[in-house]
Amino acid sequence: MTTTLTLRRPDDWHLHLRDGAMLEGVLPHTAQHFARAIVMPNLVPPVVTGAQAAAYRDRIMAALPEGMNFTPLMTLYLTEETDPEDVVRAHAEGLVTAVKLYPAGATTNSASGVRDFGRVRGVLERMAEAGVPLCVHGEVTDADIDIFDREAVFIERVLDPIRRATPGLRVVMEHVTTADAVAYVRSAEQDLGATITVHHLVINRNHILAGGIRPHYYCLPVAKRETHRQALRAAAVSGDPRFFLGTDSAPHVDAAKETACGCAGIFTAPNALSVLAEVFEAEGALDRLEGFAALHGPAFYGLPPNEERITLTKGAPVELPERIETGDGPVTVFDPGFPLHWHVTG
Ligand SMILES: NC(=O)N[C@@H](CC(=O)O)C(=O)O
Ligand SMILES: [Zn+2]
Ligand SMILES: [Zn+2]
C-alpha cells in the first residue's frame with residue numbers, strides 16, 4: 001500500500017485570491033501548497049489593463065507572508081473595450097499570462113464581461129498571433145437556457161465558432177462540469193485544454209439540493225448530474241495532458257453564501273490537495289496525480305514544471321477547521337463529505 005507520495009510542487013491554474021483583507025486571509029492557504037497560480041481578474045472593479053494587473057500583483061506579493069514562495073500568474077479581464085496592444089505588451093513583458101473571457105452576467109463579478117462576441121474578435125486575433133492564451137468561463141447567460149445546459153450550449157454557440165474563426169488561439173475551458181465539455185476537449189487536435197476543479201470531482205447536484213439546500217456546494221458552473229461527475233473523474237485521471245488542475249477556489253464570506261440569494265463559489269484552497277489525492281487513490285490512479293496537478297498545466301502554458309517537490313503522507317484523518325477567519329469574516333472550507341487521509345507533509 002502506498003503511504004507516501006512525492007510529486008513536483010503543484011500549480012493551481014484557476015484561482016480567486018480577491019483583494020484586501022480577504023486576500024490576506026486566503027493567500028497563505030494556496031501558497032503553502034502551490035508554487036504558482038493563474039489569478040482570476042474578477043475583482044470589483046475588474047483587472048482590465050496591464051497597469052492594473054501590475055498593481056494587483058504587487059498587492060498579492062505584499063500580502064504574502066515572509067518565507068513563503070509563490071508566483072502569481074496574472075490575467076486580464078476581457079471587455080469589449082480591451083486594447084489589443086495593451087494585452088500583447090503586458091504578455092510580452094511577462095506581466096500577464098492569459099486573458100479571461102467572462103460572458104457578461106455569467107458568474108460572480110462578471111457584469112463588465114462580453115455581451116457581443118463580435119466586438120472582441122480583433123483582440124482575439126491579436127492574441128492568437130502573439131500566443132496569448134484565452135481562459136474561458138464557458139456558460140451562456142440566456143434566461144431561456146436551463147442552468148444545467150448552459151455549458152453545453154456555450155460550446156456549440158460560442159466557443160466552437162470562436163475557435164473556428166480564430167485559428168491558433170490557445171483556449172482553456174475553465175472548470176469544466178460536463179461530459180459534453182470533456183468530449184469537446186478530447187475532440188480538439190490542438191490549442192484546447194481544460195481545467196477541472198477538485199469539488200466537481202466530488203459533488204454532483206444532489207449534494208447541493210437533496211435533503212436541504214447547501215449553499216457551500218453552490219458554485220458556477222453548477223455541479224451537474226452523476227454521469228457528468230464520472231466523466232470529469234475519468235478525464236482527470238486519464239493522463240491526457242489536455243486536462244489539468246484549476247481549483248477555482250473562490251472564497252466568499254459565510255454571510256454572503258448563507259442567505260436568501262447566496263453567491264457562487266467554493267473555497268477549497270486549504271484541502272484541495274488532500275481531497276485530490278483521495279480521489280486519485282479511489283480511482284487507482286495515484287501515479288497520475290503529478291501529471292494532473294504539476295505537469296500538464298505548465299506544458300499547456302509553455303512554462304517549465306516546478307523543480308521543488310512536495311510529499312503527501314497517508315495517515316490518520318486530516319484535521320482542518322470547518323472555516324477560516326479573515327478580516328472580512330469567516331469563510332467555510334469545502335467539506336468533501338468523507339475523511340481525508342493524505343497530509344501534505346513537506
Ligand atoms: N466559480 C464560482 O462559482 N465563482 C467564482 C467565479 C467563477 O469562477 O465563475 C467567483 O469569483 O466567486
Ligand atoms: Zn468561472
Ligand atoms: Zn473561478
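From a predicted model like this one, the values you see are computed outputs, not experimental measurements. Just follow the structure's listing: the first ligand is 1, and inside any ligand the first atom is 1.
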Note: Asn42, heavy atoms under 4.0 Å from ligand 1, region reported as side chain
Query raised in the report: Are the side chain of Arg229 and the backbone N or O of Leu201 linked by a donor-acceptor pair below 3.5 Å?
Result: yes
Here the atoms of ligand 1 under 4.0 Å from any heavy atom belonging to Asp248 are 1 (N), 2 (C), 8 (O)
Are there more than 12 heavy atoms of other residues, nucleotides or ligands under 6.0 Å from atom CZ of Arg309? yes
Heteroatom proximity flag, Cys219 to ligand 1, N/O under 3.5 Å:
no
Going by the 4.0 angstrom heavy-atom rule, the piece of His137 near ligand 1 is side chain
Honestly, for Arg18 the part within reach of ligand 1 (heavy atoms, under 4.0 Å) is side chain
Exercise. Quick one: do Leu232 and Phe154 end up in the same hydrophobic cluster if we chain Ile, Leu, Val, Met, Phe, Trp and Tyr together by side-chain heavy atoms under 4.5 Å apart?
Worked result: yes
*asked:* Distance check below 2.8 Å: does Glu174 bring an N, O or S atom to the Zn ion (ligand 3)?
replied: no
The closest protein heavy-atom partner of atom 9 (O) of ligand 1 is Thr107 OG1, 2.7 Å
Evaluate His252 for polar contact with ligand 1, using N/O atom pairs at a separation under 3.5 Å. yes
Which atom of Asp248 is nearest the Zn ion (ligand 3), counting N, O or S only? It is OD1
Note: Ala264, heavy atoms under 4.0 Å from ligand 1, region reported as both
So the atoms of ligand 1 within less than 4.0 Å of a heavy atom of His14 turn out to be 8 (O)
**Message:** Please report whether the ring centroid of Tyr301 lies less than 6.0 Å from that of Trp13.
**Reply:** yes
* Asked: Would you say Leu220 and ligand 1 have an N/O pair spaced under 3.5 Å apart?
  -> yes
NZ/NE/NH1/NH2 to OD/OE distance under 4.0 Å, Arg323 and Asp254: yes
**OP:** Report yes or no: does Glu283 contribute a side-chain atom to a donor-acceptor pair with the main-chain N or O of Arg233 at less than 3.5 Å?
**Re:** no
Ring geometry between Tyr217 and His207 (parallel below 30°, tilted from 30 to 60°, perpendicular above 60°): perpendicular
Ligand 1 atoms nearer than 4.0 angstrom to some heavy atom of His175 are 8 (O), 9 (O)
### Message
Counting the benzene-type ring for Trp, do Tyr77 and Tyr102 have ring centres under 6.0 Å apart?
### Response
yes
Per residue His137, nearest N, O or S atom to the Zn ion (ligand 2) is named ND1
From the list His175, His14, His16, ring-ring contact (aromatic ring centres under 6.0 Å, His included) with His137 holds only for His175
key: Main-chain N/O of Thr79 paired to Thr82 side chain as donor or acceptor, under 3.5 Å   = yes
Any N/O/S atom of His175 sitting less than 2.8 Å from the Zn ion (ligand 2), backbone or side chain? yes
One finds that the ligand 1 atoms under 4.0 Å from a non-hydrogen atom of Ala250 are 5 (C), 10 (C), 12 (O)
Closest to atom 5 (C) of ligand 1 among protein heavy atoms sits His16 NE2, 3.6 Å
Within 4.0 Å of some non-hydrogen atom of Gly265, the atoms of ligand 1 are 2 (C), 3 (O), 4 (N)
Strictly under 6.0 Å, is that where the ring centroids of Phe70 and Phe34 end up? no
